[in-house]
Every structure is written in C-alpha cells, then in structure tokens.
Amino acid sequence: MQTDRVIHVVSAHAEGEVGNVITGGVAPPPGDTLWQQRDFLARDGSLRRLMLNEPRGGVFTHVDLLVPPRDPRAAMGFLIMEPEHTPPMSGSNTICVATVCLETGIVPIAGDETRFQLEAPAGLIEIVADTRGGRVNAIEIANVASFADRLGAALEVAGLGTLTVDTAYGGDSFVIADAAALGLALTPDEARDIATLGARITAAANAQLGFSHPREDWGHISFCQFAGPLRRDGATLSGANAVVIDPGKIDRSPCGTGCSARMAVLAARGEMKPGETYAARSLIGGRFDGRFTAAAPVGDRPAIAPRIRGRAWLTGTHQVMRDPADPWPEGYRLSDTWPILPQG
Ligand SMILES: O=C(O)[C@H]1NCC[C@@H]1O
C-alpha cells in the first residue's frame, strides 16, 4: 500500500445531513483569519476536490476541517466545505463539529450541560450541548446575526413565470419561495423536482436580485428554500421546508442557516416574536428547533440573533488516502449524480 496523504476523519450527520469532520492530517490553510483561510480553501480547491469528489465523497457530502481558533475564546475553529461553496457558517455542519468534538474528547464533556465556543469564518458560535448521561443528546447553537434582505421581490423564472420571493441571510444567503404557491407539498417523492427547481430559482435570483452582505465579502445567493405552510400552536410555529444546495441537492436536515433566514423574514413581517419557537421539519423528517432574540442591525437591516437546536450522530472513522499512482488523484464528477449548475 502506498499513500501520499493520510487524512483522519470522524464522520457524522445532523438530522440526516452529512458533516464529516477532518480531525487530523491536514495543516491549517494559510491566512490570518478563518475568513482568509476559507478564501484559500475556496481558491485553491485541492482539499475540496480530494474530499468532496468521487470516489472519496459525493454531492451529498460536506466536510469540515478543524483548525486552531484565532479567537482565544473559542475551543476550536472549523472551515466548512460544501459541494459548490465554502460558506461562512452552516447549522448542520456546526452541530456535527460540536458533536464530534465532544464525543471524541477534543472538547471535554462537563456535566449535564457543556458550554463552549466554536469559531467559524462568520464568527464565534456559542454551543450549549445537552450532555446528560455523558453523551451528546442535542446541540444548541447561537448563530450569527441574521436578517431579511428583500421582502416580496418579483423573480422571473423561465417556464414558471413571475414568482414572489424573499431573500435573507442566516449565516449564508437564501432566496425563499412559497412551496404551496408552486404546488409543492414537500414530500419525499418530490425530491428530484424540488432539487431541479431550486437550482433554477437560485440561478435566477443571483442573476436578477443578487445579494451583498453589508459587512462580509459574501456576494451571492447560495440556497433556495421552499417554505411550507406554518401552523401556529400557542408560541410554537411548525412547518416543513426543503433547502436546495448548489448544484442541486436537497438538505436532509431542516437547515440551520435556512431556519435562521426564515425566522429573520418572519420577524421582519411581524409573524414571529422573540421567545417563540419555530419547529422545522425536513423532507426526511429531521427536526431543528429555532428561536431568536433581537440583535443589533447589520448595516441598515434590522437583525435577529437566532438559536438552533438539533442532534447529530457519529457514523464512522476513516483514514482518507491517496495512492500516488491513482490516475484521478483529486477524484472526478459526472453529471449523472453531480448536477450541472443552471444559468440564471
Ligand atoms: O444547516 C445548514 O445551515 C446547512 N445544511 C447544509 C447546507 C447548510 O449549510
């Protein structure tokens, strides 16, 4: 056996969404900040290709690289690699990273509730872990400030006509479309149609609406969220969503950044108040519970400070290798499983 890489991975999923965590074997990328390290990973692409492409990954894979934090308040830093993007923040990935850190002893479990901070490119993320019984039962994350960008914007999508959509930021950027208005019930049998439609709506939203974070260098819309109808039961809103991740796969979890973006829109419309709960369901029945408090405005946008609670489970440990004789040293993609990004 020959190999010129040995990368140690603890794999996990959060409410169904894969988040494999690199715990060793990769030196921290160059950069003074996690944002600059994020930039390097995106620009360089070699680790992304090795870990995300077949035969080591696939379009359903997300990979998180543990790095030393730059903020002394954080126990660990992490950089997120998604199929197309290298985002500032991700709910499901943060829940996987926090769970892996605790379950492998990187961060010690401290009684029934373990609190610590992780550093993502978008900033510090407070973690409150339910660690009753010496294991991780649930993770609550305090996400970065989230805000609605455009409410009720008109969007032309070829073959669909004019849709009314919202755009919002919840640690990553979203165009949010009403599922019922598009005839979608958000059931698993619709998955392929939702994935194709969502990729087209994201492309159209980038071409026609765009997005520019007032403080960060984040200037595109990453995801399309199909928002299902909400039911109110006292102070709890519940409903399904489907988030389509570029280049056209559906989040198996209810998407933490998506729940944050949706709560920002609901707050902007006066339809959800601080202290209320949003119980979000994904297509496979994964559940995140969201709530928020008010936050300082981001630029001129009123913002919320969301908290998302969910669960993750470990699925294995791997040593990823690369044989120097392998004719596809960084793997490959074919459009049978790796969709081609549509043009807006
Ligand atoms: O939970 C989230 O925020 C995410 N899940 C995969 C894609 C998004 O980053």
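Note: hydrogens, waters and symmetry copies are ignored here, and every other heavy atom, side chains too, is used. Just follow the structure's listing: the first ligand is 1, and inside any ligand the first atom is 1.
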## Note on the structure
Among non-hydrogen protein atoms, atom 9 (O) of ligand 1 lies closest to Glu82 OE2, 2.6 Å

### Message
Taking salt bridge (Lys or Arg N to Asp or Glu O under 4.0 Å) as the cut-off, I'd like each qualifying pair that reaches into residues 104-129, sequence neighbours left out, listed once.
### Response
Glu113-Arg115, Arg115-Glu126, Glu126-Arg307

#### Entry: Aromatic plane relationship, Phe223 with Phe174 - under 30° parallel, 30 to 60° tilted, over 60° perpendicular
tilted

### Task
For Ile284, check side-chain contact (heavy atoms from CB on, under 4.5 Å) against everything at least two apart and list the hits.
Arg252, Ser282

### Query
Can we say Arg70 and Asp32 salt-bridge, meaning some charged N sits less than 4.0 Å from an Asp/Glu carboxylate O?
no

### Query
Is Gly258 in polar range of ligand 1, meaning some N or O pair under 3.5 Å apart?
no

#### Entry: Heteroatom distance test (Phe288, ligand 1): nitrogen or oxygen, under 3.5 angstrom
no

### Task
Please verify whether a non-hydrogen atom of Pro87 lies at under 4.0 Å from ligand 1.
no

#### Entry: Positive for salt bridge (charged side-chain N to carboxylate O under 4.0 Å, His left out) with Glu15, one of Arg311, Arg281, Arg287
Arg311

### Message
Check this for me, if you would: do Asp166 and Arg262 make a salt bridge, where the nitrogen-to-carboxylate-oxygen distance has to be below 4.0 angstrom?
### Response
no

## Note on the structure
The atoms of ligand 1 lying under 4.0 Å from a heavy atom of Ile245, numbered in the order shown, are 6 (C), 7 (C)

### Message
With nothing but distance in play, are any N or O atoms of Asn93 less than 3.5 Å from an N or O of ligand 1?
### Response
no

#### Entry: Interfacing atoms of ligand 1 (cut-off 4.0 Å, heavy-atom, Gly256)
1 (O), 2 (C), 3 (O)

### Message
Can you give me the closest heavy-atom contact between Phe60 and Val18, atom names plus distance?
### Response
O-CB, 3.7 Å

### Polar proximity ligand 1 side, Ser90 side, N/O cut 3.5 Å exclusive
yes

### Task
Ignoring hydrogens and angles, state whether a donor on the side chain of Asp172 or Trp218 is under 3.5 Å from an acceptor on the partner side chain.
yes

### Summary
A student checking ligand 1 against Glu17 at a 4.0 Å heavy-atom cut-off should list atoms 6 (C)

### Message
Looking only at protein heavy atoms, which one is nearest to atom 6 (C) of ligand 1, and what is the separation?
### Response
Asp251 OD2, 3.1 Å

### Task
Check each atom of ligand 1 against the heavy atoms of Gly91 and keep those under 4.0 Å away; list them by number with element.
1 (O), 2 (C), 3 (O)

### Message
Could you check whether any heavy atom of Asp172 sits closer than 4.0 Å to an atom of ligand 1, since that is the contact criterion I want to use?
### Response
no

